[in-house]
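This report concerns only the one structure given below.
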There are 2 protein chains.
Amino acid sequence: MVSNATSASRHKTAAKPAGPGRPKDLGKRAAILDAAKRLFANEGFAGASMDEIAAEAGVSKLTVYSHFGDKEALFAAAVRAKCEEMLPDDLFQQELKGPLRSQLIAIASGFFALISSDEAISTHRMMIAPGNGDDPLRKLFWEAGPQRTHDALGAFLQARVQAGELDIADTSRATQQFFALIKGEMHSRMICGLYTKPLRGDVNAHIEATVDMFLRAYAPR
Amino acid sequence: MVSNATSASRHKTAAKPAGPGRPKDLGKRAAILDAAKRLFANEGFAGASMDEIAAEAGVSKLTVYSHFGDKEALFAAAVRAKCEEMLPDDLFQQELKGPLRSQLIAIASGFFALISSDEAISTHRMMIAPGNGDDPLRKLFWEAGPQRTHDALGAFLQARVQAGELDIADTSRATQQFFALIKGEMHSRMICGLYTKPLRGDVNAHIEATVDMFLRAYAPR
DNA sequence: GTCTATATAGCGATAGAC
DNA sequence: GTCTATCGCTATATAGAC
């Protein structure tokens, strides 16, 4: 009689294939996660309240607590979800033909668009904010974002070096330089919230000038 | 008899030159501002409480409220104080002799040290955090920090171009590129809180490689 | 002018009804 | 499994004593 209810309740979820064990969760869970991602990004960890999140998701607060344990767990889940969805990573899968300059401009344009979206800016701010998120979470964010794009461009540049189209001694350093240049002052201003809307013409001019500068430094003599 | 105490008490502060009108304020006010700068930077606007600030400053909470109106005003004052003190700006006042490469390395080293200090990183995080600070405050921060260093380096590069030591079409853009390169991935990692302690050797290698890359792109042929 | 003690409000987390 | 109502705690801001 003292019993273990765990083994008794297990057979309920034994038939796993989309069984009606708890089919209603997913919609609400997704709505909660969505609201959490938006509110945490816009108001920070301390700024966003569980009441707001529950109201925004259209559920009650206890539903939030039943799906995720507490506020920190919800924050971690929101960050993880953001990291996963923020990886199109087809930056380098696209058709890369034509002269090297055009290819680099295409890569740079994709990268800049990726980091310039309101979503990316908000996420970046949220991760950076003091007190928001612990160390493993920050590491996760870094590996999901900057690390992957870095590796992809590194491989691209390495191939071009071996093809004799570029003269780069340290490919990893050149990769960092390329991304730093593309981000540039515009990204800093956006992160700082000075202007959220850079003109499209300015962006194109910035990208072309940056690629040209990069090529002047690393073109074979 | 009904009186107006205001006019009666005014003659107390009439002798303004450091008169004993309220000489004890300044020490406490400075202590409060100092504590506010530190705590806001480390824990964010919502994270830092007025109790913590008062305790850290060694005064009571009401003293804080008597000096600064409310929490937002104290935050704004802390940011303004940070902006003012974070301007050594003798980055370019120093002895700049020798070859151009050495001068650029000196400038880059000073700039990197400026933005790498724990203080600068904390302030940067505080300003960027979502919800912290309003727009005029962010503008103030930008003009006190990035804007001034940008202008200083821009003038330096412009002079070198006219001296025939550099071949730069757009000096302003080159200035942005230089700072973006120097910040580089290291600064992003520090802002993200991944490692707070970059090795000194790595920093020097990074700076020298960056200056060399910059010079390869902009050296006269 | 400064401190101790308190009013008021909001948030995170939970108990009980359905 | 979900909702309404509530507890416990903390933080901002203030009232009264010295």
Side-chain angles (χ1 to χ4, degrees), chain A residues 5-6 8-10 12-13 18-33 35-36 39-40 42-78 129-134, chain B residues 5-6 8-13 16 18-33 35-36 39-40 42-78 130-133:
Chain A
T6 45
S9 64
R10 193 182 313 166
K12 272 192 76 171
T13 58
R22 33 189 180 190
K24 280 179 288 189
D25 297 359
L26 302 180
K28 298 202 171 180
R29 184 185 173 92
I32 294 169
L33 249 177
L39 287 172
F40 279 137
N42 289 336
E43 310 181 28
F45 179 77
S49 71
M50 297 294 263
D51 291 278
E52 280 179 312
I53 294 172
E56 184 83 5
V59 300
S60 188
K61 203 164 43 163
L62 192 134
T63 306
V64 177
Y65 278 94
S66 73
H67 281 271
F68 310 87
D70 59 351
K71 196 182 185 183
E72 288 192 10
L74 178 57
F75 181 77
N132 293 11
D134 48 1
Chain B
T6 47
S9 67
R10 191 183 314 163
H11 73 286
K12 274 193 74 171
T13 59
K16 235 189 309 177
R22 34 188 180 191
K24 280 179 287 189
D25 297 0
L26 301 181
K28 299 205 172 180
R29 183 187 173 92
I32 294 169
L33 249 177
L39 286 171
F40 278 137
N42 289 335
E43 310 182 27
F45 178 77
S49 71
M50 297 295 265
D51 291 275
E52 281 178 311
I53 294 172
E56 183 85 4
V59 301
S60 186
K61 204 164 38 165
L62 192 133
T63 306
V64 177
Y65 278 96
S66 72
H67 280 272
F68 310 88
D70 59 353
K71 197 182 186 183
E72 287 193 12
L74 178 58
F75 181 78
N132 293 12

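Letters A, B, ... are given to chains in the order of the sequence lines, protein chains preceding strands, and every chain is numbered from 1.
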Non-hydrogen atoms of [X] and [Y] that approach each other most closely:
| X | Y | result |
| --- | --- | --- |
| Ala46(B) | Ala46(A) | CB-CB, 3.6 Å |
| Val59(A) | Val64(A) | CG2-CG2, 4.1 Å |
| Leu39(B) | Ala48(B) | O-CB, 3.8 Å |
| Ile53(A) | Leu74(A) | CD1-CD2, 4.0 Å |
| Phe45(A) | Glu72(A) | CZ-CG, 3.9 Å |
| Pro130(B) | Ala129(A) | CD-CB, 4.0 Å |

Any heavy-atom pair between the side chains of Lys71(A) and Phe40(A) that's under 4.5 Å?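 They are in contact (side-chain heavy atoms under 4.5 Å apart), so the answer is yes.
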Contact residues, residues 52-60 of chain A to DNA chain C [heavy atom, < 4.0 Å]: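 Nothing qualifies; none.
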Quick one: salt bridge (Lys or Arg N to Asp or Glu O under 4.0 Å) pairs with a partner in residues 53-64 of chain A, sequence neighbours left out?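 Matches after skipping sequence neighbours: Arg38(A)-Glu56(A), Asp51(A)-Lys61(A).
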Distance, rounded to the nearest Å, where Leu74(A) contributes CG and dC11(C) contributes P: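 Distance check: Leu74(A) CG to dC11(C) P gives 15 Å.
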Quick one: His67(A) NE2 to dG1(D) P, roughly how many Å, whole number?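 Interatomic distance, NE2 of His67(A) to P of dG1(D): 9 Å.
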If the cut-off is 4.0 Å, is Thr63(A) near the phosphate of dC3(D), judged by side-chain N/O to OP1 or OP2?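 Checking Thr63(A) against dC3(D): at least one side-chain N or O falls below 4.0 Å of OP1 or OP2.
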What string of B, S and - do you get for nucleotides 12-18 of chain C, 5' to 3', if B is base contact, S is sugar-phosphate-only contact and - is no contact with any protein heavy atom under 4.0 Å? BBBB---
